[in-house]
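Since the structure comes first, as structure tokens, the remarks are kept for the end.
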Protein chains: 2
Amino acid sequence: MARATTMKQIAERAQVSIGTVSHVINGTASVRDKLRRRVLDAIASLGYQPSQLARGLRRNSTNMLGMVIPDITNPFFPRVVRGVEDVAFEASYRVVLCNTDNDSVKEKAYVDELRSYRPAGLLVIPAAQRSLSFNSEYPMAAGLPAVYLDRRPAGWRGDAVVAANEEGAFQATSYLVKAGHTRLAMLTGPSHLTNASERLAGFRRAISQHKIRIGQEYVQETRFDRETGYRASMRLLRMLPRPTAIFASNDMVALGTLLAIREMGLKCPRDISVMGFDDLEFGMFTDPALSSVHQSGYQLGATAARLLLERILGTRLSSRQVVLPTELRIRNSVAPPSALAG
Amino acid sequence: MARATTMKQIAERAQVSIGTVSHVINGTASVRDKLRRRVLDAIASLGYQPSQLARGLRRNSTNMLGMVIPDITNPFFPRVVRGVEDVAFEASYRVVLCNTDNDSVKEKAYVDELRSYRPAGLLVIPAAQRSLSFNSEYPMAAGLPAVYLDRRPAGWRGDAVVAANEEGAFQATSYLVKAGHTRLAMLTGPSHLTNASERLAGFRRAISQHKIRIGQEYVQETRFDRETGYRASMRLLRMLPRPTAIFASNDMVALGTLLAIREMGLKCPRDISVMGFDDLEFGMFTDPALSSVHQSGYQLGATAARLLLERILGTRLSSRQVVLPTELRIRNSVAPPSALAG
DNA sequence: TTGTATGCGTTATCAG
DNA sequence: CTGATAACGCATACAA
């Protein structure tokens, strides 16, 4: 295993001390132009790269940003990650990615290990609302800047960036109501996640504001995936009277609903309307095209990364809670209820 | 910035020397049971985590795996990444992810920086066939184990894992021919990527084997995205005679084709058949459902990670080229050519 | 079986 | 402005 070029070699070649090399690299003291040039030349010709390990050890901090997400395979998260990466890269930070599978144990393991690399900060989409690893101000407590995204763990008083989940769900539900639907069902997502419970709250606010009452069996808990969306939808579709509209807590769940409708021999939107949340790219291509509450995963990530960088650089002190806007995108999967339905 | 617990503190608390602590942690010498227990207790009660930076500096290698991919936002790659991560995590390695945007300059920058973290190995989906950073055995030369995935840079003689691109494309094209198509078009993807050129080769082999001749305007180069797929498809659809089947080099491109067909007021598969490659999840939900050559991104990643780990652990010496099988998945987007078409 | 001491490549302090 | 030199936290060769 060939060892890489070190500062010592640069120093020898440039005929200066190792301290001087460090100074020209970090701009930590002014160096006479002649020496500076010699150093730069040596660096260029030897292709020297400072050891991030040695530097991190000495400084007790690296240019890594730890990012903890549930599952990169879920199509919403890649955009978030990309938003983070772009902002981080621009500022010379690198992103280390970890998938928790929504498992708080794995989350804790990852966070603990990440810490041992002394990242400059942490970006976390928490696995659960009440996580053992994050119940208080855990990451901050040890002086590690952290920003939470997408979901907010209970009790977290630091920086966070989330979408307007309640409001978005309220808008979407209101739209369905105004289209004439009164038998509305909701697939909630995991009730222990803030984004899911906020969306449910928005749904409830809309129907109660319109004086609509629905049976509790019309509200079904799911995970945030197609599989549970499909199963819960099958249950809904077999109920009598059958709901005329289903609001899914995210697009993956809505995909399951579309599948269930197809399998039951029903037709969307003729027999039943479907609304999703997230507005993932594939929604434009489904049959029928999926109506959804749009949120920008990229902005979510980019914004969180910016907050984190600001905190790392210490330009801000008070903690900030950013709420990103959502926007209703109506496509073919929603229509007024047919007189025959039910 | 509170400093973390160190071995020294463990040593003090356990009333042993720092060397002993190291030995029980690494199992590098047998330690008397009593002392070992004291050390373990101290570690547990202080929540000690060894500094990966110090360890990496000392050992000249860390438990990080550098992974370089074009763009996490492209739905094929998350599965690859996930496959890598799962295998890596199991073996106590962590993955650092970098997006190159298919830009070899960015790729080189990332690889150079990654090296300064002394990763145990590198997983690379190269940005281009002839990359400045990878034209010879660059990563290996410096003793850094590396495995290439999905695409193979020219001249690389080390480990690589790719799909059976040529064969898959051959099967798909043959299917179209057997369905009666003679006016076949292909959207090639970027010609400088091996996977794209192999797919084109498979296409050509199939049509020439069936004695079909097509005009060169029926072969259009695209990138691997929807946008260029859409534009190239519009060109194809305006040609006279119009092709009766389009083979897209991947599903994102095929999505663009579906869009173009819709926009031209044509109907797939009645007027024109469409075949994709990759078989991404959304293909089941498009209208019509997309036929495609299936390959498992997860297996691609998992296999590559396994090869890399084996090389890191030094259990193998000769370099291996793994080719993963593909499988044709026929759905509604393919039908025999209508007599009226053209 | 255990302790001591050296060095990994930097940064930072302190003289000169 | 420049050069020595002491940490940073750990692994490891060597001594005891």
Side-chain angles (χ1 to χ4, degrees), chain A residues 1-40 42-43 46-64 113 115-120 142-143, chain B residues 1-40 42-43 46-64 113 115-120 142-143:
Chain A
M1 187 81 68
R3 286 208 171 254
T5 316
T6 72
M7 268 181 55
K8 199 164 145 192
Q9 296 168 47
I10 300 297
E12 278 171 12
R13 192 174 226 266
Q15 308 271 37
V16 298
S17 83
I18 183 175
T20 303
V21 175
S22 180
H23 280 138
V24 349
I25 288 176
N26 298 302
T28 166
S30 52
V31 174
R32 188 153 44 98
D33 211 51
K34 190 170 175 180
L35 294 197
R36 151 194 255 65
R37 204 169 294 282
R38 289 218 304 263
V39 170
L40 261 18
I43 287 176
L46 266 53
Y48 167 74
Q49 294 264 127
S51 161
Q52 297 289 349
L53 293 178
R55 172 177 286 181
L57 179 62
R58 183 58 231 248
R59 289 194 180 150
N60 199 30
S61 174
T62 66
N63 69 342
M64 286 189 278
E113 167 137 8
R115 306 175 78 87
S116 71
Y117 272 110
R118 301 265 165 274
Chain B
M1 185 81 70
R3 286 208 172 255
T5 315
T6 71
M7 267 181 54
K8 199 165 146 192
Q9 296 169 47
I10 300 297
E12 278 170 13
R13 191 175 227 266
Q15 308 270 39
V16 298
S17 82
I18 183 175
T20 302
V21 175
S22 180
H23 281 138
V24 348
I25 288 176
N26 299 302
T28 165
S30 51
V31 175
R32 190 151 43 97
D33 211 52
K34 190 171 175 180
L35 294 196
R36 152 194 254 64
R37 204 168 294 282
R38 289 217 305 264
V39 170
L40 260 19
I43 288 176
L46 266 54
Y48 168 74
Q49 294 264 129
S51 160
Q52 297 289 347
L53 294 178
R55 173 177 284 183
L57 179 61
R58 180 61 230 252
R59 289 192 181 151
N60 199 30
S61 174
T62 66
N63 69 341
M64 286 189 279
E113 168 138 8
R115 306 177 77 87
S116 72
Y117 272 112
R118 301 268 166 272

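Quick caveat, the model's predicted, so the values are computed rather than measured.
Here A:Gln49 contributes atom CD and B:Arg115 contributes atom CZ; the two are 9.0 Å apart, rounded to the nearest 0.5 Å. With rounding to the nearest 0.5 angstrom, the CE atom of A:Met7 is 12.0 Å from the CD atom of A:Glu12.
If you measure from atom CZ of B:Arg3 to atom P of D:dG9, you get 5 Å, rounded to the nearest angstrom. Taking atom CD of residue B:Glu12 and atom C1' of nucleotide D:dG9, one finds them 14 Å apart after rounding to whole Å.
The residue B:Leu53 sits apart from the nucleic acid: no heavy atom pair falls under 4.0 Å. Among the protein residues, A:Met7 comes within range of the nucleic acid bases, having at least one heavy atom under 4.0 Å from a base atom.
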Mind listing the N/O atom pairs, protein and nucleotides 5-7 of chain D, below 3.5 Å?
residue	atom	partner	partner atom	Å
D:dA7	N3	A:Arg58	NH1	3.2

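The side chain of B:Val16 approaches C:dG3 more closely than any other nucleotide in the set D:dC10, C:dG3, D:dA4.
For A:Thr6, no side-chain nitrogen or oxygen approaches OP1 or OP2 of C:dG9 to under 4.0 Å. An OP1 or OP2 oxygen of C:dG9 is reached within less than 4.0 angstrom by no side-chain nitrogen or oxygen of B:Tyr117.
For B:Thr62, the side chain to side chain donor-acceptor pair (under 3.5 Å) criterion is met by no residue, not counting sequence neighbours.
Residues from residues 20-28 of chain B with heavy atoms under 4.0 angstrom of DNA chain D, sorted by number: B:Ser22, B:Asn26.
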